[in-house]
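Only this structure's heavy atoms are used, side chains among them; waters, hydrogens and symmetry mates stay out. Chain letters run A, B, ... following the sequence lines, proteins first and then strands; every chain starts at 1.
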Amino acid sequence: MHHIYCPYCEETREEEEYSYTGEAHIERPKDPAAISDEAWGDYLFFRSNPRGIHHEMWYHAAGCRRYFNVTRNTQSYEIHETYKMGELPTVTAQVPTPAPKAAQQGEAS
Amino acid sequence: MSQVNRLATGGRIDRSKPMSFSFNGKTFQGFDGDTLASALLANGVGIVGRSFKYSRARGILGHGAEEPNALMQLHTGNAAVPNPRATQVELFDGLVSGSTNGWPSAEFDLMEWVGKIGGKFMPVGFYYKTFMAPQKMWMTYEKFIRKAAGFGKLSLEPDPDTYDKINAHCDVMVVGAGPAGLTAALEAGRSGKRVIIVDEQNEFGGTLLANNQTVDGVDAATWAEQATAQLEAMSNVLVMPRTTAFGYYDHNFVCALESRTDHIGPVSASGSRQRLHRIRAHQVILATGAIERPLVFGNNDLPGIMLANSVSTYINRYAVVPGNRCVIMTTNDSGYQTALDIQAAGRTVVAVVDSRHAPDGRLVQQAKAAGIEIMTGHGVIEAQGSKRVTGAIVAPLDAAGDTLTGPGKTLSCDLVAVAGGWSPVVHLSCHTGSRPVWQEDIAGFVPGPSIQNQHLAGAVTGDYKLSQALNAGVQAGAAAVGVESSHVFDCGDESEGAAQALYLIPHTKPISRAPKQFVDFQNDVTAAGIELAAREGFQSIEHVKRYTAMGFGTDQGKTGNVNGMAIVAKALNKSIAQTGTTIFRPAYTPVTFGALGGRDVGVLLDPARHTAMHPWHLANGAEFENVGQWKRPWYFPQQGETMQQTLNRECLAVRNSVGILDASTLGKIDIQGKDAREFLNRVYTNAWSKLAPGKCRYGLMLKEDGMIFDDGVTACLSDQHFLMTTTSGGAAAVLGWLELWHQTEWPELEVYFTSVTDQWATCSFAGPNSRKVLEKLCTDVDLSAEAMKFMDYREGTVAGIKARIFRISFTGELSFEVNVPADQGHYMWKKLMEAGEEFGITPYGTESMHVLRAEKGFIIAGQDTDGSMTPQDCLMGWAVSKTKSFSFLGERSFTRPDTARADRKQLVGLKPIDPTVVIPEGSQIVMDPNQPIPMDMMGHVTSSYWSECLGHGIAMGTVKSGSDRMGQTVYCPQADGRVLAAQICSPVFYDPKGDHHND
Amino acid sequence: MKKYSGFSLFKHSLSHHENWQAAWRSPQPKKEYDVIIVGGGGHGLATAYYLAKVHGITNVAVLEKGYLGGGNTARNTTIVRSNYLWDEASKLYDHSLDLWKDLSQDLNYNVMFSQRGVLNLGHNLQDMRDIERRVNANRLNGIDGVVLNTAEVKEIVPVINDSQDIRYPVLGASWQATGGVARHDAVAWGFARGADSFGVDLIQQCEVTDIITEEGAVVGVQTTQGFIGSKKVACVTAGNSGVMAAMVGLRLPIESRPLQALVSEPVKPIIDTVVMSNAVHAYVSQSDKGDLVIGAGTDSYNGYGQRGSFHIVEHTLSAICELFPMFSRVRMNRAWGGVVDTCPDACPIISKTSVKGLYFNCGWGTGGFKATPGSGHVFAHTLAHDEAHPFAAPFSLDRFNTGHLIDEHGAAGVAH
Amino acid sequence: MTNSTHNAATDVMESPLHHHVAHTNAVDAGVVMTEDKFRGHLNLRGNPQDADFMAAVASVLGMALPTEPNTSVRVNGFVAYWLCPNEWLLIVASGAQGQVEADLRQAVADKGGNQHIAVTDVSSGQTLVNLSGSGLAQLLQKSTVYDCHESNFPAGKVVQTTFAKTGTTMCKLEDGSVDLVIRRSFSDYFFLWLADASEEYGLRIA
């Protein structure tokens, strides 16, 4: 049961007030028409999904209705920091997650 | 029967309050302060149940949460409670109890013979090795297996009790009110911080209540009473007896179950039976103590074989001595205390059998001085008896306790008290993912490192001395509130000799041939079973657990696990540290479903949302439909009407005169700001740059994958002010969606969103006479066809109320929607009904609305779309702009290979060939109904109705390349064998040119 | 492999069960294998079994970081059914159901597959439309299923609350009589024993720490027991698939979420079938031991902790008490969590990757147990032929780029 | 621009909780509920860093908007709740919301009119409920996951959080009672919950 600090309400609140909304820092391509189907598919669906440090977005649905970022360990569920939209994390994984690159299909199938 | 084992004096029972209770149909007497277990033992009841697999007679082993055998069936009728432990049931007058197993009774169980004979063929894992052929027979075998399933029995009637929940917050949560918990709470409480202390028992004190020691010169039990009174006097401390902390979750969230009325009667007379406390604590102190381990030897499950510490507890706390001639089997000094207690109670100690060769502790000396016979370097290798222990075979052991060094002899006895060492209660600390650590010196697991703000105190750390527990509690309490304390308690001489780590006592025969040596009593897991599992390759402790079912019982292995792990380790030639332990999961002790569900049942299961006009709908006989959380009128039947007759009447009223619909449930989002148009351009498929104030436009909203997510009409109230409508079920999701994009991607856009769903009540009235109705109530807006065109928006006064008027239509008829502040919604509705009376204004519900819109081919997002439909699939390419400079959400996905395919399923109209037929919604569509199964399915029917206005059935459905198949006949094979044929057509069945709504 | 039977039990009882042999060997890893399967859960073991049995490929290692069948196989609510909506999914799951029917005999291991029937309840009109649609699709695909009304549901589950005045009344259900439950651990053990008997090496306590590639092709894996070579590496690691993919710099369309389940104390049999309700998030059956086995919803966040948040369990049990008002007096014995690999379309990935010789079988989300034999069977084909089995072909990774998703939860909301 | 003014005629207006007055009122009730009906509720959005905006609002309300999270300001019958860094709930006298909205827009326009603001009348979509009594603390514990202990929820504090299975904005008052903002469509559920949760203390509708 997470206890999460909302950087806008400046209080730690119960998990029930929030909803999780996915990996953070995934930027929408500036010119979607210009990118390949692979790159678009990657943006839509492919995620880093690490075991360990994860930067993710939560929505303070029952509170201030702000989205914000959380750096959380997906194994221990420890929350290292929460930070506002547009800010960058200060706690990052020692071994960085791989650069975005979709696992693509071989030709045969 | 008299209380043969009850002592005349002593204990914490109230002899002035006798209580009568029944067990397996017989009536007994006990006292206030008894547990069902202590009362049964007082009355000399030995057999309390039968074992699960072998139907062996079982008696009470322990005195608390660890009890594996004494599972009861309590109360009768709808109050029946299956499976509570007799050791945790407080006695009350009139309590009705019984065993959960045994046929015809627990005392004389015929299944015992099946177990005795069949048991030989039922080693662990035997199910996996047989009953395989033929496969179909398994269900038949299983029927018999299931007959033996389960312990207690549930009533078939609904539960008469209620359960509720409390959210609590504190600075310090103390789990356990034994010596360590009490001093921890006292220390923390003195700081003035908010403290909660819980204990599963009715009385605080834990081991202090059955202890002969003194605390700072005060008798232990008296000290506990004083400490409890001090805590109760602190306003910042919440003292909760009968409350079990059963789960420890992340970020110091602890769940505790408070039993509020179980000790009073079978059903709660008023208030809740149990209350779940959801506690968020800054600091948690676990003072959960330790549980004594039994030892594994032949027939060690016979009634009359008990934990030594439990025997002492029954004597000291309940004034019950559960036997006359007692053998104590011990591996450490604590067994000697039990011997002294038995002797003090006036019963015979036959011998203390100590596996150690040269014990010399303080208690050993006391026992010697008391003249108690001590057999050092010996072990009980087998118990004798059938329904109760009658003797113990004792044999000499080598120093390691591995091998017998001489012949055995039999000691006659009716009670064997077993002291096999202690297992700290590490359960809660495991719940948050911390793995327990084996500590060789105490031969037990202690809590491992944790990332929670967690402190440990007392026996849970493997330190069993009373003074240490009290002092550790002080330190934990001080640390939790950030102070220092130097208070040290004195409990006299507590010196003890070293304990021996012994789990299985060897027998003259190898394990596989020895009499059954039980490890897990509840699941009938034996040492031989564990050894067999290891032999068969189940080497991980988790495998052993799963293969043998060790630790799977309702006691979750509280007494048996460590012994089992030791036996596995030995079989594999590993250390216990290497073998490791299984993980304890919540709940520490079982928790009623009712308490976990709380009050969120019945009408409170989920909020039912109502519109301002809801009272009118109720008063006028509406049938309701659940739409999201909303209750919407489904149809308004009149006396004697079938549902179809109602729909026909409602639909014709709209087509021919005027009908009225409560459309308040549609989501409404107020959008203001300079960039509102730009924002709409990005989230909708169509263009919003040029929509003039006073105009409305329909919009489709897509997810980034290009699939329809929501739709609705948005009105331009002023140049920088829009009102968006969403589907009834989608309002919250759409608002979250808009905020997501605004806050995360486009914060530079100056736009604000505010939900106004609840602010506005919406009356939608449709039909050729709708203008006439509105004209009667609204004089300040020119409602003429020329002045107020289709998709126009005006502000005006309707029935004296400032209103927003929209000329939009979901029925294909001339139609208006009037929004008024919801406080006046009910009034507005009534005024419209009055005004419409002369035209026969007819209220209609969602079902007629569905029919009317289907006649016009309008989609319902979520019914005609399913998350896999693009606008093009719905033949709504007209609503998709190709000229917007910004690539709107979802646009890019249109050009993906699959989304761009020509043979995608498209939404088309379906006209049944037989006009009287209404094709069932959900029918699958095929081109050739005679093809063999599996058939090539082309799509399915999404919406289908009888159209009274058109005089035939109509339907919408998805069909592969549907728009290229106009005029083709498709077939819908039904489960009953009928094949319904339909012709593919435009989904617009009614007024294709739109003359009516433009009227 | 010594055959198990009632007779063998009798025979061994004469020697006090002292002579049973190990169900599988505990070999040291060889230097190189034809195929390495990473993940010794049900799906990985089934893959190994069918690779050997159907394709004759026996120089295979299954590498398991913990113990066999210790992941989601050990943690699920064991529901088996095949009444999925879309053709692609229903073919795959029905293929699996076919294999289930003879699995005990095939493996000579009683996996206790019990076809006690599965009900999927509908609580509102759209639920019922979806049920009709799915059952019709099932029927025309040759999968058994009928739509039941409330009274018919009540007949099958007499203890269900059939009142129409409750917040979300039971309006009806789909009923797949051939669905049911199986003994989850036995499935892993049966496949393990079967694979071992063909010579497959099952290596436990062997964690893969890296996947080694040369020139875009797999050459082996680095493990806690050293380097093991192979030109084909198949990852069948469920919730850990993202971690495996990251080893070669790939990402997957997968997020790993906690999925919680719980059991009650054993009580005398009270329900005979599997009852599932998506709308109120509750799934229940009763085991042969008497436990009520209950599945809860997925937590919304990513988590590898094998535990989720308490409120998910609370929510599920309020729904259970609403559906079965007498169950509120039964007690929860134990609750736990698995790590499920959820895909955007609630369908699996059975696929090659851009790295030659690297294959993934994952994304089964909350519904993988029922697919165990089918998943292994088709994946073995994919590995053996370096080309997807026809039933597996739609489940390739590139559907996320082409848009050819098989949207089971979008369409029917029944992903469990 | 919308100026929705309420008709004063009370038979025309129904508050969200109007039909619950017939509740069996307990003697010595531990929980007392009072609906403060028909107050004007305005949702206000704007940039608190924009001095012109803040000044404009202050000129209308006669008080500065609260900028500290979870706080409120209460002056001359105006109440302003902080909802998020750029959002406030203004509670004004019954029927005054139209005028206040117009005044706010005018005041902002007077500052140059370039401010990015939004004012939305939500008076009818929600209602203000006051809860008090000796059972209040426990009732709140049953109903919300927020820590309502006075050390965490002092007078004047405003919190948006859950209330049973719905949401609320609640404000602690000086007298120890709590004002709750309840959405209209959830008000029947709210009352069912309240009646159930307060049963052991007794409930009186004032």
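- Of the residues considered (Lys289(C), Lys3(C), Arg399(C), Met326(C)), Lys289(C) shows the highest number of contacts with chain B, using heavy-atom pairs under 4.5 Å.
- Taking each heavy atom of Arg278(B) and His311(C) in turn, the nearest pair found is NH2-CB, 4.0 Å.
- With 3.5 Å as the limit, one finds no donor-acceptor pair spanning the side chains of Asn19(C) and Arg535(B).
- With a threshold of 4.5 angstrom between heavy atoms, Leu276(B) approaches chain C through side-chain atoms but not through N, CA, C or O.
- Between chain B and the residues Phe327(C), Phe10(C), Tyr168(C), the largest count of heavy-atom pairs under 4.5 Å involves Tyr168(C).
- Looking at Glu921(B) and Met128(C), their side chains never come closer than 4.5 Å, going by heavy atoms from C-beta outward.
- Put simply, the side chain of Asn333(C) reaches to within 4.5 Å of the side chain of Gln556(B), judged on heavy atoms.
- Evaluation of the side chain to side chain contact (heavy atoms under 4.5 Å, CB included) rule for Pro158(C) yields no partner, not counting sequence neighbours.
- Contact of Ser155(B) with chain C is made through the backbone alone, with heavy-atom distances under 4.5 Å.
- Contacts of Asn78(B) with chain C are made by backbone atoms alone, with heavy-atom separations under 4.5 Å and no side-chain atom involved.
- For a residue to count as touching a neighbouring chain, one of its non-hydrogen atoms must lie under 4.5 Å from one of that chain's; by this rule Tyr141(B) does not touch chain C.
- A 4.5 Å side-chain heavy-atom check between Val159(C) and Leu156(B) finds at least one atom pair inside the cut-off.
- Ranked by heavy-atom pairs shorter than 4.5 Å toward chain B, the options Ala188(C), Gly308(C), Ala74(C), Ala319(C) are led by Ala74(C).
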- prompt: ring-ring contact (aromatic ring centres under 6.0 Å, His included) between Phe113(C) and Trp138(B): does it pass, once the steps are laid out?
  reply: CA-CA 8 Å; Phe113(C) 177 47; Trp138(B) 168 246; over 10 Å; no
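- Interface remark: Val941(B) contributes no atoms to any contact with chain C (heavy atom separation under 4.5 Å).
- Between Met132(B) and Tyr4(C), the shortest heavy-atom contact is CE-O, 3.7 Å.
- The distance between the ring centers of Trp24(C) and Phe538(B) falls below 6.0 angstrom.
- Put simply, the side chain of Gln539(B) does not reach to within 4.5 Å of the side chain of Gln204(C), judged on heavy atoms.
- A 4.5 Å side-chain heavy-atom check between Leu605(B) and Glu322(C) finds at least one atom pair inside the cut-off.
- Between Glu536(B) and Arg193(C), the closest side-chain pair of non-hydrogen atoms is not below 4.5 Å.
- Screening residues 591-608 of chain B for salt bridge (charged side-chain N to carboxylate O under 4.0 Å, His left out) gives Arg599(B)-Asp196(D) as the qualifying pairs, with residues at least two apart or on separate chains.
- Listed options Ala22(C), Gly290(C), Ser287(C) were ranked by heavy-atom pairs under 4.5 angstrom with chain B; first place goes to Ala22(C).
- Interface remark: of the candidates Thr402(C), Leu317(C), Asn136(C), Thr402(C) forms the most heavy-atom pairs closer than 4.5 Å to chain B.
- At least one donor-acceptor pair under 3.5 Å links the side chain of Lys268(C) to the backbone N or O of Phe151(B).
- For chain C, the option among Gly537(B), Ala549(B), Pro932(B) with the highest count of heavy-atom pairs below 4.5 Å is Gly537(B).
- Between Trp189(C) and Arg546(B) there is a side-chain heavy-atom pair separated by less than 4.5 Å.
- The NZ atom of Lys2(C) sits 12.5 Å away from atom NZ of Lys129(B), with the distance rounded to the nearest 0.5 Å.
- Remark: the Arg183(C) side chain and the Tyr128(B) side chain contain an N/O donor-acceptor pair separated by less than 3.5 Å.
- Using a 4.5 Å cut-off on side-chain heavy atoms (C-beta onward), Ser309(C) and Tyr249(B) make no contact.
- Of the atoms belonging to Gln863(B), heavy atoms from both backbone and side chain fall under 4.5 Å from chain C.
- Of the listed residues (Ile166(C), Val330(C), Leu103(C)), the one with the most heavy-atom contacts under 4.5 Å to chain B is Val330(C).
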